[in-house]
Amino acid sequence: MKLLGLKKSKLVAGCLLGAVSMLSVAVSAADNPNDWPEYLRDSKGWRYSPLEQINKDNVSKLKVAWIHQPGDIQMGLQATPIAIDGVLYYVAANNNVFAVDGKTGKTLWHYQPELDPLAAESFWAAQSRGVSVGHGMVYLGTLDGRYIALDQKTGKVKWETQMTDFQNCQGCNFSFPPQLAGNILYSGHTGGDQPQQGKIFGVNALTGEKVWTFNAIKDDPKSWPGDSGKVGGSGAWTVGVYDAKTDTILIGTSNAAPDFYSEGRKGDNLYTATILALEGKTGKLKWHHQEVPNDSWDYDSAYEIMTIEHKGKELLVHLNKGGYVSVLDKATGKPFNVWKFAKLANWVDSIDPKTGKLIGRKDPVPGQEDIFCPSVLGARSWNQAAYNPKTKLWYSNGWEFCNRVVPAAQDPEKLGWAGVYFGVSKLELIPPPGEEVGSSRLDARDPITGELKWTIDYPVPGMGSVLTTGGGLVFNGDATGIFKAYDAENGKELWNFNAGSGFRSGPISYAVDGKQYILVPSGLGGLALGFATGAFPSLVGLPGGAALIAFTLED
């Protein structure tokens with residue numbers, strides 16, 4: 001395959017402003033296979049690189065090209081780097097942003113904002129999961145509720161906007177990067193498990209001026225009785241995707257709060273546990289699909305949303321934390337199919353594949369101890385799956401463990417700054433009933449039907465994102481730090497590398513000067529790791545770290 005270079009825009013006389021904007025926006029991923037210009041690489045959300053210089057025949061010859069150390073190892077490295085025209089942009093703990101030479105690993109610039117001291121006391125302290133790049137700027141969502149735009153070449157601040165009332169709102173920070181929808185920069189904030197109202201913001205990406213706000217807690221007493229909506233959760237805490245053809249933002253929201261105690265919020269609790277389609281320019285709702293009405297198990301709908309064409313129709317593929325995958329009509333949000341990904345999901349008997357209706361709900365009962373599967377961490381963590389258009393397979397980590405829970409009322413006014421609004425008197429994460437430990441795996445499935453093509457059991461969970469490439473490969477790492485390459489067709493292991501600390505990040509592939517690289521941020525961290533030790537005792541004591549590792553073929 002010929003490795004393509006970045007296409008250059010031409011200046012148009014008399015239109016300086018438009019030309020500058022055109023030059024500074026990253027070329028689309030479809031036109032520039034050398035780059036990884038968006039969080040999920042492109043608006044389809046596949047985590048797929050078409051590069052094929054590294055393939056099944058030569059992947060065994062991968063060697064380390066360089067290593068970049070950010071210095072701060074708190075919570076490991078959880079970011080997905082951005083690669084544009086040979087330069088990498090990524091964020092480490094506590095909002096440390098770096099621009100790095102993609103050939104050598106040399107730091108080109110480094111920026112770290114001065115954060116509100118309360119950020120260090122937050123439940124989400126230190127966790128930074130990415131940046132976005134466009135319009136000649138690098139965009140950061142901060143741990144104290146700001147959007148900051150940095151000059152792409154120098155790292156100097158171009159503008160910053162305080163988006164949330166951080167000091168008076170638990171969970172009103174950003175751990176994931178805001179995304180671009182044309183000239184709009186948008187995202188939701190964290191805190192689905194905390195007593196606040198989730199919101200999604202849109203600002204002018206060139207100036208930082210606030211343009212619109214979408215309240216993910218619907219103003220409707222039938223949906224939210226009494227004052228329950230004031231502390232109802234619904235943070236849209238991961239990234240969305242943007243369809244430029246229709247000016248549509250697709251983004252998922254988190255659970256209703258308090259998580260397990262739903263006595264005071266007996267409505268459907270819109271727009272929690274919901275996939276939203278919003279107009280990019282205005283933030284107006286186009287359609288919504290609520291996967292879990294009156295969510296009483298902490299089953300967010302915040303995970304990645306893929307667009308996959310099937311028999312001439314564009315469909316959305318989305319995993320809910322409750323262990324089911326919704327396949328929806330992209331234009332309307334109507335269900336096309338729903339299939340079960342989790343081996344054990346006892347909170348419902350099933351879900352109607354044509355309507356999405358929950359069948360045989362088993363709601364938590366206040367004061368009564370029950371076991372619900374999957375756990376609050378879902379059938380997989382937030383780290384994204386990947387889809388390969390050549391194999392037509394969806395590759396995802398998965399795990400099986402449960403909660404032992406006793407629902408109880410909580411007073412949100414008495415929660416500490418880092419307190420979570422679970423609505424429980426007891427919450428323990430445990431192996432599935434009858435098992436001594438939880439189980440973990442990497443699956444390859446048909447994304448539309450859920451048919452399993454191959455699976456690989458893991459002794460410890462894969463807690464990072466999956467990468468797949470045009471070279472017929474799947475890359476995945478586990479919590480001990482073993483990074484592996486598999487044959488995308490059959491799951492055969494072809495190569496591995498011990499990074500010394502596990503993965504919570506998003507590996508990518510990019511090319512510079514005709515040479516393809518595989519890039520993986522290593523370093524174990526994150527809240528899920530601590531929670532999961534109840535089902536995976538071997539996770540206790542695993543080493544932390546933080547290192548950006550680039551691999552390429554031997555010369």
Side-chain angles (χ1 to χ4, degrees), residues 188 191-194 197-198 216-218 220 222-225 228-229 231-238 250-277 287-305 316-328 333-342 344-365 370-382 402-403 405 407 421-424 427 450:
D193 301 316
Q194 294 185 290
Q197 284 192 359
I217 299 292
K218 187 178 182 181
D220 179 357
K222 292 182 180 179
S223 190
W224 293 95
S228 60
V231 289
S234 199
W237 53 275
T238 60
L250 298 163
I251 192 168
T253 64
S254 70
N255 57 286
D259 299 27
F260 292 94
Y261 189 81
S262 58
E263 288 297 293
R265 49 173 181 83
K266 283 298 188 181
D268 56 10
N269 303 152
L270 287 170
Y271 296 100
T272 65
T274 295
I275 297 173
L276 300 168
W287 57 256
H288 74 275
H289 174 72
Q290 189 175 39
E291 293 181 316
V292 189
N294 189 242
D295 175 20
S296 302
W297 307 271
D298 190 4
Y299 289 156
D300 300 42
S301 294
Y303 291 0
E304 75 277 2
I305 301 170
L316 303 179
V317 176
H318 177 261
L319 173 65
N320 176 272
K321 277 174 63 177
Y324 285 82
V325 171
S326 294
V327 183
L328 309 176
K334 301 298 183 185
F336 180 87
N337 190 28
V338 179
W339 55 268
K340 186 179 177 183
F341 172 69
L344 183 58
N346 68 356
W347 59 285
V348 286
D349 290 334
S350 63
I351 297 179
D352 189 308
K354 297 305 178 186
T355 66
K357 182 179 179 180
L358 306 184
I359 299 171
R361 289 176 63 122
K362 297 174 178 61
D363 287 274
V365 177
D370 280 304
I371 293 175
F372 293 104
C373 312
S375 77
V376 293
L377 299 181
R380 186 198 77 204
S381 194
W382 56 263
C402 310
N403 304 311
V405 61
Y421 196 31
F422 279 144
V424 295
L427 177 61

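Only a predicted model underlies this, so the values are computations on that prediction, with no experimental measurement involved.
Across all non-hydrogen atoms, the minimal contact from Leu328 to Gly333 is CD2-O, 3.7 Å. Of all non-hydrogen atoms in Gly252 and Ile305, the two that sit nearest each other are N-CD1, 4.1 Å.
No side-chain donor-acceptor contact under 3.5 Å links Asp295 and Asn269. No side-chain donor from either of Ser234 and Thr272 sits under 3.5 Å from a side-chain acceptor of the other.
Here the side chains of Val338 and Val327 are not in contact, with every heavy-atom distance at 4.5 Å or above. Put simply, the side chain of Trp287 does not reach to within 4.5 Å of the side chain of Leu276, judged on heavy atoms. Counting heavy atoms from C-beta on, the side chains of Ile351 and Ile359 never come closer than 4.5 Å. For the pair Trp382/Trp237, a side-chain contact is recorded, criterion being any heavy-atom separation below 4.5 Å from C-beta on. Residues Gln290 and Leu270 have side chains in contact (heavy-atom distance under 4.5 Å, counting atoms from C-beta outward). Taking 4.5 Å as the limit, some side-chain heavy atom of Val292 sits within range of a side-chain heavy atom of Asn320. Under the 4.5 Å side-chain criterion, counting only non-hydrogen atoms from C-beta, Pro364 is in contact with Phe372.
One distance of note links CD of Gln194 with OH of Tyr421; it measures 12.0 Å at 0.5 Å rounding. Distance CD1/Ile217 to OG/Ser223: 8.0 Å, rounded to 0.5 Å. For the atom pair OG (Ser326) and CG (Asn337), the distance works out to 9.0 Å, reported to the nearest 0.5 Å. Atoms OH and CG, on Tyr303 and Leu319 in that order, are 7.0 Å from each other to the nearest 0.5 Å. Atoms CD and CD1, from Glu304 and Ile251 in turn, are 13.0 Å apart once rounded to the nearest 0.5 Å. Expressed to the nearest 0.5 Å, how far CH2 of Trp297 lies from CG of Asn346 amounts to 10.0 Å.
At least one donor-acceptor pair under 3.5 Å links the side chain of Thr253 to the backbone N or O of Thr274. Of the possible polar contacts, one joining the Tyr299 side chain to the Pro374 backbone as a donor-acceptor pair under 3.5 Å is found. Looking at His289, its side chain never comes within 3.5 Å of a backbone N or O of Pro335 through a donor-acceptor pair. For Asn255 (side chain) and Gly192 (main-chain N/O), a donor-acceptor pair under 3.5 Å exists by modelled atom type. Formation of a donor-acceptor pair under 3.5 Å by the Asp370 side chain with backbone atoms of Val405 is not found in this model. A side-chain donor-acceptor contact under 3.5 Å links Ser375 to the backbone of Leu377. Checking side-chain atoms of Ser301 against main-chain N and O of Ile275 turns up no donor-acceptor pair under 3.5 Å. Formation of a donor-acceptor pair under 3.5 Å by the Ser296 side chain with backbone atoms of Asn294 is found in this model. A donor-acceptor distance shorter than 3.5 angstrom exists from the side chain of Trp347 to the backbone of Gly322, with no hydrogens or angles considered.
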inquiry  = Set out, in order, the CA-CA distance, both residues' side-chain angles and the distance that settles side chain to side chain contact (heavy atoms under 4.5 Å, CB included) for Ile371 and Asn403, then state yes or no.
reply    = CA-CA 5 Å; Ile371 293 175; Asn403 304 311; over 6 Å; no

key: Working for side chain to side chain contact (heavy atoms under 4.5 Å, CB included), residues Tyr324 and His318   = CA-CA 8 Å; Tyr324 285 82; His318 177 261; over 6 Å; no

task = Carefully, step by step, assess Leu316 and Leu250 under the rule side chain to side chain contact (heavy atoms under 4.5 Å, CB included).
result = CA-CA 10 Å; Leu316 303 179; Leu250 298 163; 3.8 Å; yes

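Partners of Glu291 under the salt bridge (charged side-chain N to carboxylate O under 4.0 Å, His left out) rule, at least two apart in sequence or in another chain, do not exist in this structure. Every residue meeting the salt bridge (charged side-chain N to carboxylate O under 4.0 Å, His left out) condition with Asp300, not counting sequence neighbours, appears here in chain and number order: Lys321. By the side chain to side chain donor-acceptor pair (under 3.5 Å) test, Ser228 is found to be paired with no residue, residues two or more places apart in sequence or in another chain being considered. Contacts of Lys357 classified as side chain to side chain contact (heavy atoms under 4.5 Å, CB included), with partners at least two apart in sequence or in another chain: Asp352, Thr355. Scanning for salt bridge (charged side-chain N to carboxylate O under 4.0 Å, His left out) contacts around Asp220 gives an empty result, with sequence neighbours left out.
The aromatic rings of Trp339 and Phe341 lie perpendicular to each other, with more than 60° between the two planes, well past the 30° mark.
Within 6.0 Å of atom NZ in Lys222, 12 or fewer heavy atoms from other residues, nucleotides or ligands are found, so the atom counts as exposed in its surroundings.
Each salt bridge (charged side-chain N to carboxylate O under 4.0 Å, His left out) pair with one or both residues in residues 254-265, not counting sequence neighbours, appears once here: Glu263-Lys266.
For the pair Lys362 and Asp349, the salt-bridge criterion is met [side-chain N within less than 4.0 Å of a carboxylate O].
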